[in-house]
Novice: 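My structure is below; once you've seen it, I'll send some questions.
Every heavy atom of this structure was used, including side-chain atoms; hydrogens, water molecules and symmetry mates were not. For clarity, every value in this text was computed on a predicted model and none was experimentally measured. Order of the sequence lines sets the chain letters (A, B, ...), proteins ahead of strands, with each chain counted from 1.
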Number of protein chains: 2
Amino acid sequence: MELSERKKKILQIVVDDYIDTAVPVSSKAITEKYMSSISSATVRAELSALEELGYLTQLHTSSGRVPSPDAYKLYVSELMIKDKLTAKELNYIKSIFLEKTDNIESVLKNAVKVISELTDYTSVGVHSKGEDDKFRQIKFFRFKPETALVLIVTDVKLLKDNYISIPPSMTDEQLEEASSLINKLFSGKTFKEICKIELDFNESFIGYKTIFINVIEALKTYFAEDEQSVLMEGEDKFLKHAEYADVNRIKEFLSVVTKKEKVFSILTEDNKDIKFNVKIGIDDDGAIPKDCSVVSATYSVNGNKIGTYGVIGPARMDYQKVVAVLENVGKILESILAGR
Amino acid sequence: MELSERKKKILQIVVDDYIDTAVPVSSKAITEKYMSSISSATVRAELSALEELGYLTQLHTSSGRVPSPDAYKLYVSELMIKDKLTAKELNYIKSIFLEKTDNIESVLKNAVKVISELTDYTSVGVHSKGEDDKFRQIKFFRFKPETALVLIVTDVKLLKDNYISIPPSMTDEQLEEASSLINKLFSGKTFKEICKIELDFNESFIGYKTIFINVIEALKTYFAEDEQSVLMEGEDKFLKHAEYADVNRIKEFLSVVTKKEKVFSILTEDNKDIKFNVKIGIDDDGAIPKDCSVVSATYSVNGNKIGTYGVIGPARMDYQKVVAVLENVGKILESILAGR
DNA sequence: AATTAGCACTCAAGCAAAAAGAGTGCTAAC
DNA sequence: GTTAGCACTCTTTTTGCTTGAGTGCTAATT
């Protein structure tokens, strides 16, 4: 059901004020600070109704009201007055992205960094698994006769650390030829496409069979590693905020933030089809800690969602600032990725 | 001045008991649990003397005694009975190091990981800046006519992410030749040595001058980045320990542990020439937080100290376990590095 | 000269009762 | 529908009191 305009106004005031002061909001505070035209008794009736509807809660009978998770969600999607960044902040964002843009990972790293710095919350970014990343080039570094470090460059990133074994009998020239063969065959293709390639190991090819299989194996490990691709910044920023004055809250928060796989699943799980997803932890056993909020957005290239970025912090978060920063960073991020 | 045997014994008991129980140790506890032959009044006199000497402190007049930083240091260097690891633990250490050993960084990473897991403290490792790392091989990935990604492999690690600009007029063949020239010239040399090489750009060489200069530039950035080489594991392990029930303690701890450059300077600053260095934070403005302890050791190859590894945790730390783990890991670490 | 028993003293920690204050819900009047 | 007024609830803070652990000191003992 749709809320009356006055209810919306009051709810907005409560959320605004609570975000600002961290103190439960009383009817008196509302009339005195924001709505001198009506009396506190009227506001009390409205607050009571909003509580009935699930948007507000009371810590105890004689305390002011605190927004519920639903209230924050509504606030972000409808109630909140959008913030604008200062020219200084906008310039700062732009300046960060001027740095080298040769691979998506470093672009995303910059995005995550700037988000954390401007919002003062822990920021995160995940890039899609990369099944659509395009193969660019392969090179081998032969360290010993039987092992080589294989380097694969995609349009997204460079992968190293994949050691493969090669037949010791193979000469360096043959290895070189193998790499140019692979380059010719795979170049420009996505991982999905590469897997479909029917390899015809005829006589001119047969010597490279092991290599090919090993390279594809290396590619598979590349696409399998997902937690690796979680980028975070400002893991300790949450301590700056008043809610984290309690040891258990801190433990809860850290137990999530220090586990990249947890962060990954939170960010990639079902997102509603709205611009900014807000997820707030309710009980203690969910993926997100109690009273902890995750605001995230996806970025796309050519209409394909290829990653998610956002912030993690207390439920009582400065959503105006956060959304403004995410919005602006997102725009630049997409424009850079589109122009590649 | 040298302590009497009895004082040493009592100090050892106090530290042992305090590490075990986290409760200030009373004269009564000492006589009842460990020294039934003498009376508590005698112990009290000794405790009083040890306090006078700076080894013990009292929280208030009617509390038991707590070891001072000096007491912990003496404990580790002289008083403590060395712990032995179980066969299971030893096997675990060995098993971890069986993994790929192709570069020092990954070996150190394993060391740090195993230390954190066995001790349950945050562990750290830093490798020397690398002026003695040996150049192995260079390769160029030409992305655009005017830029290339340069990959340099040393005996320690692989460095990527160094983009250099190349003259667009240069053909791929010339670039290839440049890389084999560089390989021939630099191979097996340390950074120091490379810097000393007098480059004679005679006619056959002159075309590669820009490349050479750019490569050396890339090497310099490599050696300049130092905080990068701080490896850490178990950043949230400290929360497991009783001392971190206080928010300010947590903040202090995290403010150090999340800043790699701080950890770096703590680990690399003046170490006494003993096997296990113990540094304990005293006041709040030092590099190390109050009541926080850092136990570290260096590892060497051919008599050259090339890195430091250790743990960070509360002053009331299980030094027996920590030293035993560090000792064993250090041995394996050095044997692996020596055998390269 | 070192050790010990005994005792007074100190201080933290826990508890209960009281006081203060903020905020609500309800009711009756506007 | 709105509002003033008031009783009621619940938290927070303060205060005083009690308990108990542990020490330091002193005088007696070995």
Novice: Base, sugar-phosphate alone, or nothing: which one does B/T31 contact when heavy atoms must sit under 4.0 Å apart?
Specialist: nothing
Novice: Can you tell me if A/Y75 and A/D16 form a side-chain donor-acceptor pair at under 3.5 Å?
Specialist: yes
Novice: Who pairs with A/F238 by ring pair (Phe, Tyr, Trp, His ring centres under 6.0 Å), at least two apart in sequence or on another chain?
Specialist: A/Y244, A/F253
Novice: Using a 4.0 Å heavy-atom cut-off, write out nucleotides 11-16 of chain D from 5' to 3' as B (base contacted by protein), S (sugar-phosphate only) or - (no contact).
Specialist: S-----
Novice: What is the distance, rounded to the nearest whole Å, between atom CD1 of B/I30 and atom P of C/dT4?
Specialist: 14 Å
Novice: Picking from A/K8, A/K9, A/R65, A/K7, what satisfies salt bridge (Lys or Arg N to Asp or Glu O under 4.0 Å) with A/E46?
Specialist: A/K7
Novice: Sugar-phosphate atoms are those with a prime plus P, OP1 and OP2; base atoms are the rest. Using that split, label each nucleotide of nucleotides 25-30 of chain C B, S or - for protein heavy atoms under 4.0 Å, 5' to 3'.
Specialist: BB----
Novice: Taking side chain as C-beta onward, heavy atoms only, is A/V278 less than 4.5 Å from A/I280?
Specialist: yes
Novice: Quiz question: by atom type and distance under 3.5 Å, do the side chains of A/Y34 and A/D17 form a donor-acceptor pair?
Specialist: yes
Novice: Is there a side-chain contact between A/M317 and A/V311, using heavy atoms and a 4.5 Å cut-off?
Specialist: yes
Novice: Whole angstrom is fine here: how far is it from CD in B/E52 over to P in D/dT23?
Specialist: 16 Å
Novice: State whether B/T42 places a side-chain N or O below 4.0 Å from either non-bridging phosphate oxygen (OP1 or OP2) of C/dT4.
Specialist: yes
Novice: Rounded to whole angstrom units, what separation is found between the CZ atom of B/R6 and the P atom of C/dA1?
Specialist: 16 Å
Novice: What integer distance in Å separates B/E32:CD from D/dA21:P?
Specialist: 11 Å
Novice: Considering only side-chain heavy atoms of A/I38, which listed nucleotide, C/dT4, D/dT3, D/dT23, is closest?
Specialist: D/dT3
Novice: How long is the line joining CG of A/L47 and P of D/dT3, in whole Å?
Specialist: 14 Å
Novice: NZ/B/K259 to OG/B/S255 distance, rounded to the nearest 0.5 angstrom?
Specialist: 6.0 Å
Novice: Walk me through it: do A/I93 and A/V329 pass the test side-chain contact (heavy atoms from CB on, under 4.5 Å)?
Specialist: CA-CA 7 Å; A/I93 295 177; A/V329 170; 4.0 Å; yes
Novice: Round to a whole Å and report the spacing from NZ of B/K33 to P of D/dG22.
Specialist: 11 Å
Novice: Please name the pair of heavy atoms, one in B/I10 and one in B/M35, separated by the smallest distance, quoted to 0.1 Å.
Specialist: CG1-SD, 3.8 Å
Novice: For B/S27, answer base if it contacts any base atom (sugar-phosphate contacts may also be present), sugar-phosphate if it contacts only those atoms, and nothing otherwise; contact means non-hydrogen atoms under 4.0 Å.
Specialist: sugar-phosphate
Novice: Using atom OH of A/Y18 as one end and atom P of C/dG23 as the other, report the distance to the nearest whole Å.
Specialist: 14 Å
